[in-house]
**Student:** 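One structure coming up, written as C-alpha cells, with questions to follow.
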Amino acid sequence: MMFSLLLAAALLLGLYVVLYLTVISQPRCKSEAKLHGKTAIVTGANTGIGKAVARDLARRGARVILACRDQQRAEAARQDIVKETGSSQVLLMQLDLGNLQSVRSFAENFLKSESRLDLLINNAGVADRGKTADSFGLNFGVNHLGHFLLTNLLLDKLKASGPSRVVTVSSITYKMGKVDFSCLTTHRDVALGNSDRDAFIKYCHSKLCNILFTYELAKRLQGSDVTCYSLEPGMVNTEISRHGTFFTQVIWTLVGLLFSIDVDSGAQTILHCSLQQGIEHLSGHFFSRCAPLMNMEPKARDDATAKKLWELSETFCGLS
C-alpha cells in the first residue's frame, strides 16, 4: 500500500515537472537592446508584470511612463523602480482605463509634455464584475475599449517616432471567448450575468477582443513604421483578481500556487514583443513563450469580426 502511494506521488510529481518545464515556465527575452532616448508607456505598471516590464525598460535606459489609476500605489512602484534601476527617467501619469474621459485626458497631457513615443504597452487588465464609468461592462471596458481609445489617440505620435511598437497583453483564455455584437450593441457588454463565472467568461471574451484589435490594427498600420503584437504572458501570479469576491480570490490563489510563474518570468514575452529585432514582419500576430503562435483558432483571425469590432469600438469611443 505504501509503495503504491509513493509511486503515485512520484508519478504526479514527475507529471508536474514535465508540465512546468513544457507549459508553465517561460523562456527569457534574449534582446540586449538599449533604449536611451526612447520613451515607453506601460499601462497598469504599479504592480505585477507591468511593474516588472517597466523596471526592465528603465534598466535599458528608456524614459518610462507608468500609466496607472491608483496614484498612491503607482508612486510607491515608481520609487521602487527608481531605487532598483538608478534611473531618473521614470514618471507617473494618471490613467483610468475604465473612464474614457480619463483616457482622453491622459493622451492630451502626454502629447503636450512628451516629444516622442516609441513603445506603447497595453498591459493593464481586470477580471471582475461591474461597470465602467461609461456604463460598459468592466472587463470589456478596461481590457479592450480603454486600450483601443488610448492607442488610437497616440497613433500619430507613434508614427512620427517610428520605428515604434504597440504591444497588447491578451491571454490564452481567448479560446473560450467570443464576440456577441448583439449583446455589445444592446447591453454595452460582451455577455450577460454578474456571477464569478460570468466575470471569468467576460474576461475571456475581452481577451479575444485584444487579439482581434491587434489583428485589425496591423492592417491599418501597413505602410507605416509602427508594428503591433498581442501575446499571452503565461499563468502569472498577479493581483488581477484583487477586487473580486472572496471565492474568486481563493480560486485564483490556489491555481496560482500550483501553476503560476513569477512576474519577471511573465514579463518575458512582453519584452520579446517590445524589443526583439527581426519580428517586424509578424505584426498583428499573437505570441506565446517568446514565439509567434501560427495555429490560432479561426475566430482570432476573422477579418469581418475584427473590422466590425473596430468600427463598433470607434462608435463607443466617439471616434467615428
Side-chain angles (χ1 to χ4, degrees), residues 41-44 67 95 97-98 100 103-104 107 117 119-127 132 134 136-156 158-159 164-181 183-185 188-191 202-222 224 226-233 269-270 273-274 282-288 292-293 296-320:
I41 294 174
V42 185
T43 68
L95 173 64
L97 289 161
L100 296 181
V103 177
R104 293 183 180 278
L117 178 58
L119 183 58
L120 172 60
I121 300 180
N122 294 321
N123 162 75
V126 296
T132 69
D134 307 285
F136 293 100
L138 191 63
N139 293 282
F140 173 77
V142 171
N143 299 349
H144 167 69
L145 201 61
H147 282 129
F148 174 87
L149 176 59
L150 178 66
T151 303
N152 275 278
L153 294 177
L154 298 177
L155 268 184
D156 285 344
L158 285 160
K159 291 176 181 178
S164 54
R165 296 184 182 186
V166 179
V167 177
T168 300
V169 179
S170 182
S171 168
I172 202 66
T173 61
Y174 88 86
K175 292 184 176 182
M176 292 181 276
K178 66 177 182 179
V179 181
D180 184 339
F181 288 108
C183 191
L184 275 172
T185 53
R188 297 161 74 93
D189 203 352
V190 283
K202 291 179 183 182
Y203 172 81
C204 299
H205 296 338
S206 73
K207 294 291 101 177
L208 175 59
C209 290
N210 289 153
I211 296 172
L212 290 167
F213 159 63
T214 301
Y215 182 61
E216 179 68 18
L217 177 62
K219 295 180 184 178
R220 294 169 182 257
L221 289 173
Q222 287 181 1
S224 74
V226 186
T227 54
C228 58
Y229 314 89
S230 60
L231 65 103
E232 65 104 4
T269 303
I270 301 175
C273 291
S274 301
L282 295 170
S283 183
H285 279 70
F286 178 80
F287 282 68
S288 177
L293 282 186
M296 296 291 289
E297 294 196 6
K299 63 183 174 183
R301 289 291 178 268
D302 187 290
D303 295 289
T305 301
K307 184 175 185 290
K308 189 173 181 178
L309 176 63
W310 183 284
E311 292 172 347
L312 182 60
S313 298
E314 282 184 324
T315 300
F316 283 158
C317 292
L319 294 176
S320 57

**Student:** For residues T132 and V142, report the shortest heavy-atom separation together with the two atoms involved.
**Tutor:** CG2-N, 4.4 Å

**Student:** Over all heavy atoms of both residues, which pair between I172 and E232 is shortest? Give the atoms and the distance, please.
**Tutor:** N-CB, 3.6 Å

**Student:** Minimum heavy-atom separation for L117 and S164, please, with both atom names.
**Tutor:** O-CB, 3.8 Å

**Student:** Looking at H144 and S313, what are the two nearest heavy atoms and their distance?
**Tutor:** NE2-OG, 2.8 Å

**Student:** Within the distance-only criterion (no hydrogens, no angle test), does the side chain of S170 pair as donor or acceptor with the backbone N or O of K207 below 3.5 angstrom?
**Tutor:** yes

**Student:** Would a distance-only check, ignoring hydrogens and angles, find a side-chain to backbone donor-acceptor pair under 3.5 Å from N210 to T168?
**Tutor:** no

**Student:** Hey, are S206 and N139 close enough side-chain-wise for a donor-acceptor pair under 3.5 Å?
**Tutor:** no

**Student:** Please report the interatomic distance CZ(F148) to CG(L319), rounded to the nearest 0.5 Å.
**Tutor:** 6.0 Å

**Student:** Tell me, do K178 and K299 make a side-chain contact under 4.5 Å, heavy atoms counted?
**Tutor:** no

**Student:** Please confirm whether the backbone N or O of D134 pairs with a side-chain atom of R188, one donor and one acceptor, at under 3.5 Å?
**Tutor:** yes

**Student:** Hey, what's the ring geometry for F213 with W310, parallel, tilted or perpendicular (30° and 60° as the breaks)?
**Tutor:** parallel

**Student:** Does a side-chain heavy-atom distance below 4.5 Å link P233 with T269?
**Tutor:** no

**Student:** Any side-chain heavy atom of L97 sitting closer than 4.5 Å to one from V103?
**Tutor:** yes

**Student:** Quick check: does any side chain N or O of N123 sit under 3.5 Å from a backbone N or O of G44, one acting as donor and the other as acceptor?
**Tutor:** yes

**Student:** Are the aromatic rings of Y174 and F286 close, with centres under 6.0 Å apart?
**Tutor:** yes

**Student:** Can you find a heavy atom in the side chain of Y215 that is under 4.5 Å from one in the side chain of R301?
**Tutor:** yes

**Student:** Closest heavy-atom contact between V179 and L208?
**Tutor:** CG2-CD2, 4.0 Å

**Student:** Does some side-chain heavy atom of L120 sit less than 4.5 Å from a side-chain heavy atom of V167?
**Tutor:** no

**Student:** For K308, is the NZ atom crowded, meaning more than 12 foreign heavy atoms sit under 6.0 Å from it?
**Tutor:** no

**Student:** According to salt bridge (charged side-chain N to carboxylate O under 4.0 Å, His left out), who are the partners of E216, at least two apart in sequence or on a separate chain?
**Tutor:** R220

**Student:** Do T43 and H147 meet the criterion of a side-chain donor-acceptor pair at a distance under 3.5 Å?
**Tutor:** yes

**Student:** I need the minimum non-hydrogen distance between I41 and A67, along with the two atoms involved.
**Tutor:** CG2-CB, 4.0 Å

**Student:** Distance-only, no hydrogens or angles: does the R165 side chain make a donor-acceptor pair with backbone N or O of Y229 under 3.5 Å?
**Tutor:** no

